[in-house]
Number of protein chains: 2
Amino acid sequence: MTAKTPPRPTDAELEILTVLWSRGPSTVREVHEIVSRRKETQYTTVLKFMQIMADKGLVRRDEKNRAHVYEASRPREWTQRQLAGDLLERGFAGSAKSLLVGALSARKASAKELVELRKFLDDYEKGIR
Amino acid sequence: MTAKTPPRPTDAELEILTVLWSRGPSTVREVHEIVSRRKETQYTTVLKFMQIMADKGLVRRDEKNRAHVYEASRPREWTQRQLAGDLLERGFAGSAKSLLVGALSARKASAKELVELRKFLDDYEKGIR
DNA sequence: ATCATACTACGAACGTTTTCGTTGTCAAGA
DNA sequence: TCTTGACAACGAAAACGTTCGTAGTATGAT
């Protein structure tokens, strides 16, 4: 029996994951605090999402304390890989170039970011064996 | 009053759009023919989606002939920009590099594709004024 | 012991997405 | 003219995603 990979997070779930990625293990209250800055949301709404995410295997829950502590069950890079890979296939016919074109036309990249991108391409190429 | 931009396409809608992008204006039957190769789907399911998409403004419909002809109402690049931009912000905190890392770790790029990517970066840089 | 508070659990409503069956229409061939 | 096949329209069910209210429970302060 293989542990199955968690499904692609929904929009609301992704927002919560980003909080967990940046804060590390957090309580519902802490996540709600951050999320509700952007978007008016009830505490119990966030709680419900995090419960659902625990069911789906998107997060792990530590119930030792009264206020449960949640953490992303997969590292950020892993989930980002799923997301990027999924969109790459479904919307860009697998063309990484088209994906980058789309991204950089939606959001102008700074000179610094271009340097980063080139550097990554160099490193990536070295990694190919 | 501003003409509002069509909403982000759902998964099923995106699949249909990709067919329209590659084939150009097409009938429901033609789209169904392609889509049903990947995924078992009834004709009327595809029809319904395309009707919904017409309502949403995602596609335009030419009713002159008995078999209506549909075409994407926005060019592929436009929609791809929305998709990439949306994911970039929501899942990658705006970092194009992270998005590319995700994409290229999900799907190994060929040497040729790397050349394309570098070339695009060069062109893109020239375009900044 | 009681009370207020900070939690979790849960149910339900509502909207959206996906799916398909049924019905009605038109056009071409018998 | 009648039938058949190919099509659009529509309704509705089922699944999913989002949102929040209410109820229950544990903890610490009075």
Side-chain angles (χ1 to χ4, degrees), chain A residues 4 6-20 25-71 79 82-83 86-87 90-91, chain B residues 4-20 25-71 79 83 86-87 90-91:
Chain A
K4 74 169 178 319
R8 169 158 60 112
T10 67
D11 287 3
E13 287 166 353
L14 182 52
E15 190 170 6
I16 287 168
L17 282 179
T18 62
V19 175
L20 294 179
S26 309
T27 63
V28 175
R29 180 143 309 277
E30 289 163 340
V31 172
H32 174 251
E33 157 65 18
I34 307 285
V35 164
S36 63
R37 281 180 202 156
R38 303 207 156 276
K39 188 174 184 303
E40 192 171 326
T41 315
Q42 281 326 106
Y43 174 86
T44 55
T45 300
V46 175
L47 168 64
K48 181 67 162 184
F49 278 133
M50 294 177 77
Q51 288 170 342
I52 290 171
M53 291 167 79
D55 277 357
K56 291 185 181 175
L58 252 19
V59 296
R60 250 179 279 111
R61 172 166 51 184
D62 178 352
E63 306 183 359
K64 277 200 288 293
N65 303 298
R66 184 145 131 63
H68 298 174
V69 174
Y70 290 78
E71 89 183 290
T79 299
Q82 306 298 306
L83 291 170
D86 174 71
L87 187 62
R90 290 191 308 106
Chain B
K4 72 173 180 319
T5 61
R8 170 159 56 110
T10 67
D11 288 2
E13 287 166 353
L14 181 53
E15 190 170 8
I16 287 168
L17 283 179
T18 62
V19 174
L20 294 179
S26 310
T27 63
V28 175
R29 179 143 312 276
E30 290 163 339
V31 172
H32 174 252
E33 157 66 17
I34 308 283
V35 164
S36 63
R37 281 180 202 156
R38 301 207 157 279
K39 188 176 183 302
E40 191 171 327
T41 316
Q42 280 326 105
Y43 172 87
T44 56
T45 301
V46 174
L47 169 66
K48 181 65 161 183
F49 278 132
M50 294 178 77
Q51 287 169 343
I52 290 171
M53 290 167 80
D55 277 357
K56 291 186 181 176
L58 252 20
V59 296
R60 251 179 279 111
R61 172 166 50 184
D62 177 352
E63 307 183 358
K64 276 200 290 292
N65 304 297
R66 183 147 131 66
H68 299 174
V69 174
Y70 291 77
E71 93 185 286
T79 300
L83 291 170
D86 174 71
L87 187 63
R90 292 192 307 105

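Chain naming here is simple, since letters A, B, ... match the order of the sequence lines and numbering starts at 1 in each.
Close to dT19(D), at under 4.0 Å from its OP1 or OP2, lies a side-chain N or O of Lys39(A). Contact check, Arg29(A) against dT5(C): no side-chain N or O comes under 4.0 Å of OP1 or OP2.
Base contact: Gln51(B) has a heavy atom under 4.0 Å from a base atom. Thr44(B) comes within 4.0 angstrom of a nucleotide base, judged by non-hydrogen atoms across all strands. In this structure, Thr45(A) reaches the bases: a heavy-atom distance under 4.0 Å links it to at least one base atom across the strands shown. Tyr43(B) comes within 4.0 angstrom of the backbone, heavy atoms only, and of no base.
In the set dA9(D), dG17(D), dC20(D), the nucleotide with an atom closest to the side chain of Lys48(A) is dC20(D). For Thr41(A), counting side-chain heavy atoms from C-beta on, the closest listed nucleotide (dA8(D), dC7(C), dC20(D)) is dC20(D).
Ile52(A) places its CD1 atom 9 Å from the P atom of dT18(D), with the value rounded to the nearest Å. Going from atom CG of Asn65(B) over to atom P of dT25(C) covers 20 Å, rounded to whole Å. Distance Leu58(A) CG to dG17(D) C1': 13 Å, rounded to the nearest Å. The separation between Leu47(A) atom CG and dG11(C) atom P is 14 Å, rounded to whole Å. We find that CD of Glu15(A) is positioned 10 Å from P of dT18(D), with the value rounded to whole Å. If you take CZ of Arg8(B) and P of dT17(C), they are 9 Å apart, rounded to a whole angstrom. Per the geometry, CD belonging to Gln42(B) stands 12 Å off P belonging to dT22(C), to the nearest Å. As rounded to whole Å, 17 Å separates atom P of dC16(D) from atom CE of Met53(A).
Note that the CG atom of Leu14(A) and the CE atom of Met53(A) stand 8.5 Å from one another [nearest 0.5 Å]. Note: Gln51(B) CD to His68(B) NE2 = 9.0 Å, rounded to the nearest 0.5 Å. To the nearest 0.5 Å, the span separating CE on Met50(B) from OG1 on Thr45(B) amounts to 13.0 Å.
Residues Arg61(B) and Phe49(A) each lie close to DNA chain D; by heavy-atom proximity, the contact nearer the 5' end of the strand is made by Arg61(B).
Interface remark: the Arg66(B) side chain does form a donor-acceptor pair with the dA6(D) base, using a distance-only criterion of under 3.5 Å.
Contact of the Val28(B) side chain with the Tyr43(B) side chain is registered, since non-hydrogen atoms from C-beta on lie closer than 4.5 Å.
By the 6.0 Å contact criterion, CD on Glu63(A) is enclosed, its count of non-hydrogen atoms from other residues, nucleotides or ligands being greater than 12.
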